[in-house]
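Reading through the structure tokens given below for one structure.
Everything quoted here is computed from the prediction, not taken from an experiment. Heavy-atom basis, side chains included; hydrogens, waters and symmetry copies ignored.
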Amino acid sequence: MKLALVGTGNMGQAIERLALQQGDEIVARFNEEHPLPVEADVSVLNGADVVMDFTLPHVVRAHIDAYCRWRVPAVIGTTGWYDQLDEVRHQVEASGATLLYAPNFSLGVALLKHVLQQLLPLLERLPDYDVYIHEVHHTRKADSPSGTALMLARLIVDGLSRKTRIETETQHGRIAPEALHVTSTRAGQVFGRHTIGICGPFDELTLEHNAYSRDGFAAGALQAARWLVGRRGFFSLDDMLNEWLHATTNRN
């Protein structure tokens with residue numbers, strides 16, 4: 001697989017290292033010093049099969065415009081633009097382009113989401129169990145709470161009728177029962193830890209994902225890139241996982 005890296009920071013470097021180990025080829029690289037020339041034609045990608053974009057919110061929208069115009073498959077790991085999801089979906093589909101996005105490419109986080117979605121209907125019938133989320137990341141992380149924590153929080157709010165809103169960070173007073181409390185810690189070199197606590201009157205269940213390194217995120221992004229080749233449309237990582245689950249169910 002031939003890849004174009006747009007963003008050569010920590011994630012871009014992890015993707016390149018793992019891609020080369022897997023026998024893939026990096027045919028183009030773009031970063032702050034050598035930005036993607038969005039007004040150029042597709043030849044700037046040097047024949048890439050897929051673009052891997054892990055950049056910043058203030059540039060990714062222009063990048064997406066270019067990927068749609070060039071009709072080159074793109075895996076987008078950049079967050080901070082999800083308020084435009086419907087607009088981008090329409091753009092991708094109207095142009096016959098191919099795009100897959102995710103706030104987190106860890107397949108472990110994807111499994112955590114799946115477990116949580118299966119658990120929420122049961123929690124709906126157990127009103128004495130309260131739920132919270134806490135996440136820990138390294139001190140260089142720019143956003144708080146993390147995009148992954150907010151994604152998990154939205155799943156809970158959408159799937160649990162007694163939780164109607166998200167309250168982030170420290171609460172200087174009694175928290176309302178309908179609020180889902182989402183908190184953050186920034187410390188040291190922690191790659192990412194997300195904890196979902198489910199507290200009952202007699203016990204507590206904890207679901208937790210710990211990232212050991214960025215390689216897990218890179219591996220998920222590369223699997224998404226392979227899955228995306230030959231497809232057209234607007235996808236999330238869930239589409240890939242749901243296809244796998246459907247295939248497994250059919251075999252059984």
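When the shell of 6.0 Å around NE2 of His90 is examined, it contains 12 or fewer heavy atoms from other residues, nucleotides or ligands. Within 6.0 Å of atom CD in Glu32, 12 or fewer heavy atoms from other residues, nucleotides or ligands are found, so the atom counts as exposed in its surroundings.
Nearest heavy-atom pair, Met240 versus Ala224, reported as atom, atom and distance to 0.1 Å: SD-CA, 3.8 Å. Here the closest non-hydrogen pair linking Leu120 and Ile156 is CD1-CA, 4.1 Å. Closest non-hydrogen pair, Leu45 versus Ala4, comes out as CD2-CB, 4.0 Å. When all heavy atoms are compared, the tightest approach of His194 to Ser146 is NE2-OG, 2.9 Å. In terms of heavy atoms, Leu152 sits closest to Leu116 at O-CD2, 4.0 Å. For the residue pair Leu150 and Thr168, the shortest heavy atom distance occurs at CD2-CG2, 4.5 Å.
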* Would you please test Arg232 and Glu93 for salt bridge (charged side-chain N to carboxylate O under 4.0 Å, His left out) and show each step? => CA-CA 8 Å; Arg232 294 288 177 191; Glu93 292 174 348; over 6 Å; no

Item to complete: Run the numbers on Asp130 and Lys163 for salt bridge (charged side-chain N to carboxylate O under 4.0 Å, His left out), then give the verdict.
Response: CA-CA 9 Å; Asp130 198 18; Lys163 294 295 183 182; 2.6 Å; yes

inquiry  = What verdict does the salt bridge (charged side-chain N to carboxylate O under 4.0 Å, His left out) test give for Lys141 and Glu135, after you've listed the backbone C-alpha separation in whole Å, the side-chain angles of each residue and the deciding distance to 0.1 Å?
reply    = CA-CA 12 Å; Lys141 187 165 180 61; Glu135 55 95 357; over 6 Å; no

### Message
Set out, in order, the CA-CA distance, both residues' side-chain angles and the distance that settles side-chain hydrogen bond (donor to acceptor under 3.5 Å, both in side chains) for Arg226 and Gln22, then state yes or no.
### Response
CA-CA 12 Å; Arg226 296 185 198 286; Gln22 295 178 357; 2.8 Å; yes

Practice prompt. Starting from the C-alpha separation in whole Å, work towards a yes-or-no answer on side chain to side chain contact (heavy atoms under 4.5 Å, CB included) for Gln117 and Leu155.
Written response: CA-CA 7 Å; Gln117 287 170 318; Leu155 283 179; 3.6 Å; yes

Q) Given Leu5 and Glu16, is the side chain to side chain contact (heavy atoms under 4.5 Å, CB included) satisfied, shown in steps? A) CA-CA 8 Å; Leu5 295 181; Glu16 177 166 5; 3.6 Å; yes

Discussion item. Show, in sequence, the C-alpha distance, side-chain angles and deciding distance for Ser184 and His137, and conclude whether the side chain to side chain contact (heavy atoms under 4.5 Å, CB included) test is met.
Written reply: CA-CA 8 Å; Ser184 306; His137 278 86; over 6 Å; no

Applying side chain to side chain contact (heavy atoms under 4.5 Å, CB included) to Leu99 and Arg231, what does each step give before you reach the verdict? CA-CA 9 Å; Leu99 185 146; Arg231 300 175 188 268; over 6 Å; no

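For the atom pair NZ (Lys113) and CG (Leu207), the distance works out to 14.5 Å, reported to the nearest 0.5 Å. Annotation: the span from Gln118 atom CD to Leu123 atom CG amounts to 12.0 Å, rounded to 0.5 Å. Atom OG1 of Thr98 sits about 14.5 Å away from atom CH2 of Trp70, to the nearest 0.5 Å. Note that the CG atom of Leu18 and the CD atom of Gln223 stand 9.5 Å from one another [nearest 0.5 Å]. Taking OG1 of Thr55 as the reference point, atom CE of Met11 lies at 12.0 Å (rounded to 0.5 Å). Summarising the geometry, atom CD1 belonging to Ile15 is positioned 6.0 Å from atom CG belonging to Leu222; distances are rounded to the nearest 0.5 Å.
Applying the side chain to side chain contact (heavy atoms under 4.5 Å, CB included) test to Ser95 and every residue at least two apart in sequence or in another chain returns Cys68, Ala97. Qualifying ring-ring contact (aromatic ring centres under 6.0 Å, His included) partners for Tyr132, counting only residues two or more places apart in sequence or in other chains: none. Taking Arg165 as the reference, Glu167, Ala176, Glu178, Ala179 meet the side chain to side chain contact (heavy atoms under 4.5 Å, CB included) condition, with sequence neighbours excluded. By the side chain to side chain contact (heavy atoms under 4.5 Å, CB included) test, Thr170 pairs with His172, sequence neighbours left out. Annotation: ring-ring contact (aromatic ring centres under 6.0 Å, His included) contacts of Trp81 (sequence neighbours excluded): Tyr101. Not counting sequence neighbours, Arg193 has no partner by the salt bridge (charged side-chain N to carboxylate O under 4.0 Å, His left out) test. With sequence neighbours excluded, the residues satisfying salt bridge (charged side-chain N to carboxylate O under 4.0 Å, His left out) with Asp215 are Arg17. Scanning for salt bridge (charged side-chain N to carboxylate O under 4.0 Å, His left out) contacts around Asp65 gives Arg61, with sequence neighbours left out. Ala74 is linked by a side chain to side chain contact (heavy atoms under 4.5 Å, CB included) to Val51, Tyr67, Ile76, counting only residues two or more places apart in sequence or in another chain. Partners of Lys2 under the salt bridge (charged side-chain N to carboxylate O under 4.0 Å, His left out) rule, at least two apart in sequence or in another chain, do not exist in this structure.
Side chains of Thr195 and His134: no donor on one and acceptor on the other come within 3.5 Å. Side-chain polar atoms of Thr8 and Gln13 form no donor-acceptor pair below 3.5 angstrom. Asp86 and Gln84 share no donor-acceptor pair across their side chains, judged by distance under 3.5 Å alone. For Ser144 and Glu169, the side-chain atoms include at least one donor-acceptor pair closer than 3.5 Å.
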Which atom pairs, one a donor and one an acceptor, fall under 3.5 Å between side chains of residues 34-43 and the rest of the protein, sequence neighbours left out?
{"unit_1": "Asp41", "atom_1": "OD1", "unit_2": "Ser43", "atom_2": "N", "d": "2.9"}
{"unit_1": "Asp41", "atom_1": "OD1", "unit_2": "Ser43", "atom_2": "OG", "d": "2.3"}

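Counting heavy atoms from C-beta on, the side chains of Thr206 and Ile198 never come closer than 4.5 Å.
Between Phe54 and Phe105, the ring planes are tilted. Angles from 30° to 60° get that label.
Leu237 is not connected to Leu85 by any chain of hydrophobic side-chain contacts under 4.5 Å among Ile, Leu, Val, Met, Phe, Trp and Tyr, and they are in different clusters. Neither Leu112 nor Phe217 shares a network with the other; the hydrophobic side chains, linked directly or stepwise wherever heavy atoms of I, L, V, M, F, W or Y lie under 4.5 Å apart, form separate groups for each. Hydrophobic cluster membership differs between Val75 and Phe234, with clusters built from Ile, Leu, Val, Met, Phe, Trp and Tyr side chains linked at under 4.5 angstrom. Side-chain heavy atoms closer than 4.5 Å link hydrophobic residues (I, L, V, M, F, W, Y) into clusters, and following such links, even through other members, never connects Val27 to Leu3. Following chains of ILVMFWY side-chain contacts shorter than 4.5 Å, one can reach Val88 starting from Tyr82, so the two form part of one hydrophobic cluster.
Phe191 belongs to no hydrophobic cluster, as no Ile, Leu, Val, Met, Phe, Trp or Tyr side chain comes under 4.5 Å of its own.
A side-chain contact (heavy atoms from CB on, under 4.5 Å) with Tyr129 holds for exactly one of Leu205, Leu160, Asp203, Leu122; it is Asp203.
A donor-acceptor pair under 3.5 Å is formed between the side chain of Asp24 and the backbone N or O of Met1.
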